[in-house]
Asker: 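Have a look at the structure that comes next, please.
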Amino acid sequence: MPKLRIAALASAVGLTAAAYLAFVYAPEDAIQGPVQRIFYLHVPSAIAAYACFTAVLAGSVLFLWRQSETADRLARAAAPVGLLFTSVTFAMGTVWAKAIWGWDPTKPWDARLTSTAVLWVIYAGYLLVRRFSPPGRTAARLAAIVGTVGFIDVPVVHFSVQWWRTIHPDRLVDATAGPALPPEMLTAFIVAMAAVLVLAGTMVAARYRIEVLKERREAEMDEEALVALPGTPARASR
Amino acid sequence: VTYLVLGYAAGSVLLGGYVVQTWRTLRALEREDRG
C-alpha cells in the first residue's frame with residue numbers, strides 16, 4: 001500500500017505539471033486553435049491503452065504457456081485499465097473530431113475511429129468472458145485466448161492512419177521523418193505521456209492488489225464453508 | 001474553447017470516476033483483510 005500511495009502521488013504531481021505545460025506553456029495551434037490541446041491527453045491515453053493491452057497479451061501468453069497465476073492476475077488487472085484509457089481516447093477524440101471535421105457517425109467511415117471501436121469491443125468482450133465463464137481455469141484460459149488473439153487489433157489501430165488514408169491525421173510524434181511538433185508542444189507532450197503512463201501503471205498495480213485481496217477473501221470463505229460442513233474434523237479443529 | 005472544455009470534461013470524468021472507484025474498492029478490501 002505505501003508504494004501504491006507514492007505512485008499515486010507521483011501520478012498526481014505529474015498530471016498537474018502536464019496540465020500546466022499543456023494549457024499554459026505550450027503555444028496555441030495556429031490552425032486548430034484551443035481545441036488542439038485535447039492532443040495532450042488524447043494521444044497519451046491511446047499509448048497507455050496500448051501498454052495495458054501489451055500487459056494483457058504478456059499475461060495471457062504466460063498463462064497459456066506456464067499456467068502462471070501471477071500472469072493471469074496481471075492480465076486481469078491490466079484489461080479494465082486498458083479499456084478505460086481506450087474510452088478516454090475515444091471520448092476525447094470524438095469531441096475533437098466534431099470540432100475539426102464536423103464529424104458525425106453517418107458520414108463516411110474513418111479507419112482509426114473504426115479500428116479503435118473494434119479494440120474497445122474486443123476488450124469489453126474480454127471482461128465479459130471473465131465475468132460470465134464458469135469460474136476457475138476455464139475462464140482464465142478462455143480470456144487468455146481472447147487477450148492473445150485480440151491484441152492483433154493494436155497494431156491495426158496504430159498503423160490504420162497509414163494503411164487507409166481516411167480523415168484521421170497521420171502520426172505526429174513517431175512520424176518517420178521525426179516528431180512533427182514545435183519543441184514546446186513536444187515537451188508538454190512528453191511530460192503528459194510520462195504522467196499518464198505512471199497513472200496507468202499505478203492503476204494496474206492497484207487492480208492487481210484488488211485481485212490478490214479478492215482471491216484471499218474467496219479462499220477464506222471456501223475454508224469457512226468447509227469448516228461448516230459436517231464430517232471435516234481436521235479443518236473444524238483449526 | 002467549448003469543445004476543449006467538453007473534451008477534457010469527458011476524459012476527466014471517465015478517468016477520475018474510475019480512479020476513485022478503484023481506490024475505494026482497494027481501501028475497503030484492505031480494511032476487511034486487516035480486520
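In the text below, chain A, chain B and the rest are named by the order of the sequence lines, each starting its count at 1. Only this structure's heavy atoms are used, side chains among them; waters, hydrogens and symmetry mates stay out. Just so it is clear, the model here is predicted, and its values are computed rather than measured.
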Asker: Considering only heavy atoms, which portion of A/Leu199 lies under 4.5 Å from any heavy atom of chain B: side chain, backbone, both, or neither?
Answerer: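 Looking at A/Leu199, just its side chain touches chain B.
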Asker: So which heavy atom on A/Ile38 is nearest to which on B/Gly7, and how close?
Answerer: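 Of all heavy-atom pairs spanning A/Ile38 and B/Gly7, the closest is CD1-CA, 4.0 Å.
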Asker: Could you tell me which portion of A/Leu41 (side chain, backbone, both or neither) has an atom closer than 4.5 angstrom to a non-hydrogen atom of chain B?
Answerer: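 Backbone plus side chain of A/Leu41, per the 4.5 Å heavy-atom cut-off to chain B.
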Asker: So how far is it from A/Thr94 OG1 to B/Tyr3 OH, rounded to the nearest 0.5 Å?
Answerer: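 If we round to the nearest 0.5 Å, A/Thr94:OG1 and B/Tyr3:OH are 12.0 Å apart.
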Asker: Taking side chain as everything from C-beta outward and backbone as N, CA, C, O, which of these in B/Val5 sits under 4.5 Å from a heavy atom of chain A? Side chain, backbone, both or neither.
Answerer: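 Neither the backbone nor the side chain of B/Val5 comes within 4.5 Å of chain A.
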Asker: I would like to know whether A/Leu213 and B/Glu30 meet side chain to side chain contact (heavy atoms under 4.5 Å, CB included); could you show each step before the answer?
Answerer: CA-CA 7 Å; A/Leu213 290 170; B/Glu30 291 273 10; 3.9 Å; yes
Asker: So do the side chains of B/Leu29 and A/Lys214 get within less than 4.5 Å of each other, counting heavy atoms only?
Answerer: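 Touching, per the 4.5 Å side-chain cut-off.
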Asker: If we ignore hydrogens and angles and just use 3.5 Å, is the side chain of B/Tyr8 paired with the main-chain N or O of A/Arg37 as donor and acceptor?
Answerer: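 Flag set: sc B/Tyr8 to bb A/Arg37 pair under 3.5 Å.
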Asker: Can you tell me which of A/Val88, A/Thr89, A/Leu84, A/Val35 forms the most heavy-atom pairs within a distance under 4.5 Å of chain B?
Answerer: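 The answer is A/Leu84.
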Asker: Counting C-beta onward and ignoring hydrogens, is there a side-chain heavy-atom pair between B/Tyr18 and A/Leu83 closer than 4.5 Å?
Answerer: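 Sidechains of A/Leu83 and B/Tyr18: no contact.
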Asker: Where do B/Leu26 and A/Leu4 land on the side chain to side chain contact (heavy atoms under 4.5 Å, CB included) test, with the steps shown first?
Answerer: CA-CA 11 Å; B/Leu26 183 60; A/Leu4 265 179; 3.6 Å; yes
Asker: Got a second to check how far A/Gln32's CD is from B/Leu4's CG, nearest 0.5 Å?
Answerer: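 One gets 11.5 Å once the value is rounded to the nearest 0.5 Å.
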Asker: Side chain from CB out, backbone as N, CA, C, O: work out which of these in A/Phe85 comes under 4.5 Å of a heavy atom of chain B, or both, or neither.
Answerer: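 The answer is the side chain of A/Phe85.
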